[in-house]
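Since we're looking at a predicted model, the values are computed, not measured. Counting convention: from 1, in listed order, for ligands and their atoms alike. Each residue takes its place number in the sequence, starting with 1.
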Amino acid sequence: MDPLSLVRPNILALEPYSTARDEFSGGDIDVFVDANESPYENGINRYPDPRQKQLKSVISKIKGVPAERIFLGNGSDEAIDLVYRIFCRPGVDNTVMIAPSYGMYSVAAATNDIKVRFVNLEEDFSLDTEKFLAAADQNTKVGWICSPNNPTGNAFPVSQIEEILRRFNGILVVDEAYIDFSSEESVASLIDKYPQLIVLQTMSKAWGMAGIRLGIAFSTEKVNEIFGRVKYPYNINILAQRTALSKINEQEKKRHVEEILKERERLADGIKDAPCVKKIYPSDANFILVKVDDANAWYDRLVSQGIIVRNRTRVVLCKDCLRITVGTPEENNKTIAVLNGKPLPEASERHAKIHRQTRETDITVEIDLDRRQAETDSVSTGLCFLDHMLMQIPHHGGIALNVKAIGDLEVDEHHTMEDVAIVLGEAIDKALGSKLGIGRYGFVLPMDDCDAMVLMDFGGRIDFRWDVEFTRDRVGDVPTEMFEHFFQSLASAMKVNMHIKAVGTNDHHKAESIFKAFARALRMAVSRSQFPYELPSSKGLL
Ligand SMILES: *Cc1c(COP(=O)(O)O)cnc(C)c1O
């Protein structure tokens, strides 16, 4: 089918507005007096590239789709609206879409005065091909399939979408906003075979750029050319283009998708036995749809604990369903705890959260010296061995700890380890507050196959002694030389006098016993003594 035969006649006849920058794109110009811009450079005084050449070439490489087939919009929402404006005559044509699905298809239809024909999914959220096809008539110009579907989470088999493409007499838009999380392939490669296919993707989900509003539509060159005619000339502003170019990072996106997929499973696993959970629907997206006994009540309960989910109970086929986005491990732990009926532990007085961002690292540490609940502890620094070591602190220190660090590990481990130590130390110091009534001293010497000693004194004099030798260069992904620096940075940020000594044969065990001993000594030193209004110092001040 020729998709151009479906375009509204007024759009086919349209002469697009031609921008100053469209009319001249040659080289070697250094005086720009064609667009009535301000000549004073401030980084944003010029109009953006109306065709987004540079950005499209980057996206083209990533997606394996030629730039001539790529439309970039102010979110997918712009592409959704343009599809109606290009193909559907207001008050005359109609559109067919699955239900439940993404709300913008029907909102944009209504604003364009296009009648909607909903095709309900089956109980298991599968799609009956015959029902979808039967819903169309000669005025149906556009059909919508969201795969993986929002809010149900399931993807439809490519073979089924292809069958609909073979038999549907209109434009078929397949919205792949969640394709990066799916086990199904993208259908973008079918555009050659079925020129009436338009595929939507977005930078808002897996790519982590919802804030800059950047949606993508893939279509044939001819259809794409019409998108270009109808859109606002400068639809992607200069900040969005620039930010996308600097933030697109395939490695990071891949890592995040892997983490989300792991967490999706862990989240589902963590709530599947909760008494309120009736059903967890399988997901190909970065969220799960969960049927509970009373969605409104659980929605309120979650809100009261500081967690907001999407209540879908009023959506067709989704009675008592909550849509829960997969978050960080720490966030998921909280959701798991609340749905299992456990109130989140309230932060104690000796609680601190510190966020510190530098050019090299972005670190958040949350610590609670008096909280003993293990469910919500999490440590993620990008260094597996360091994570393993830091988890000894909540385990053996009996304190609640969350560490999230993103550092320039591609450069070296140094910045990340040093800054984690500094922020952790500052958080401990802040949580301690006035130090009123603490034990002040900590000393341990546990016997493993290694012999580690950690002595600490919160007396106010910062000092550090290190008496440890490693034989290997690295343990796991951490260079052993960094441990001394780590504890030294920690000691000075904690404002503590610390002496660490360890002997033993295995470097892994040696490091581990130091962290364990540190955790035990910390527990002892920060614990409240039986005389809570006294300072354990003869000077009366710490
Ligand atoms: C989130 C989402 C989008 C993305 O919309 P943007 O406007 O690009 O942020 C598109 N389709 C569906 C189904 C979504 O859930």
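- Taking only nitrogen or oxygen atoms, main chain and side chain alike, Ser204 reaches within less than 3.5 Å of ligand 1.
- Distances below 4.0 Å separate heavy atoms of Lys205 from the following atoms of ligand 1: 1 (C), 2 (C), 3 (C), 4 (C), 14 (C), 15 (O).
- The distance from ligand 1 to the heavy atoms of Cys146 drops below 4.0 Å at these ligand atoms: 13 (C).
- With hydrogens and angles disregarded, a donor-acceptor distance shorter than 3.5 Å links the side chain of Asp2 to the backbone of Leu4.
- Ranking protein heavy atoms by distance to atom 12 (C) of ligand 1, first place goes to Asp175 OD2, 3.4 Å.
- The shortest distance between side-chain heavy atoms of Tyr178 and Asp284 does not fall below 4.5 Å.
- Note on ligand 1: Ala210 sits outside its first shell, no heavy atom being nearer than 4.0 Å.
- Interface atoms of ligand 1 facing Ala177, defined by a heavy-atom separation under 4.0 Å, are 2 (C), 3 (C), 10 (C), 11 (N), 12 (C), 14 (C).
- You'll find the side chain of Phe71 stays beyond 4.5 Å of the side chain of Val223, heavy atoms only.
- Heavy atoms of Glu78 found under 4.0 angstrom from ligand 1: none, in either backbone or side chain.
- Regarding atom 5 (O) of ligand 1, its nearest protein heavy-atom neighbour is Ser76 OG, 3.6 Å.
- Side chain of Thr243 to backbone of Leu239: a donor-acceptor contact under 3.5 angstrom is found.
- The protein heavy-atom contact nearest to atom 15 (O) of ligand 1 is Tyr178 OH, 2.5 Å.
- Between the side chain of Tyr299 and the backbone N or O of Arg312, no donor-acceptor pair lies under 3.5 Å.
- Under the 3.5 Å distance criterion, the side-chain polar atoms of Asp368 are left unmatched by any main-chain donor or acceptor of Ala400.
- Counting heavy atoms closer than 4.0 Å to ligand 1, residue Asn150 contributes side-chain atoms (C-beta onward) but none from N, CA, C or O.
- Under a 4.0 Å N-O distance rule, the pair Glu130/Arg167 qualifies as a salt bridge.
- Within ligand 1, the atoms closer than 4.0 Å to a non-hydrogen atom of Asp77 are 7 (O), numbered from 1 in the order shown.
- At least one donor-acceptor pair closer than 3.5 Å links the side chain of Asn154 to the backbone N or O of Phe125.
- In Arg213, the part holding a heavy atom less than 4.0 Å from any atom of ligand 1 is the side chain.
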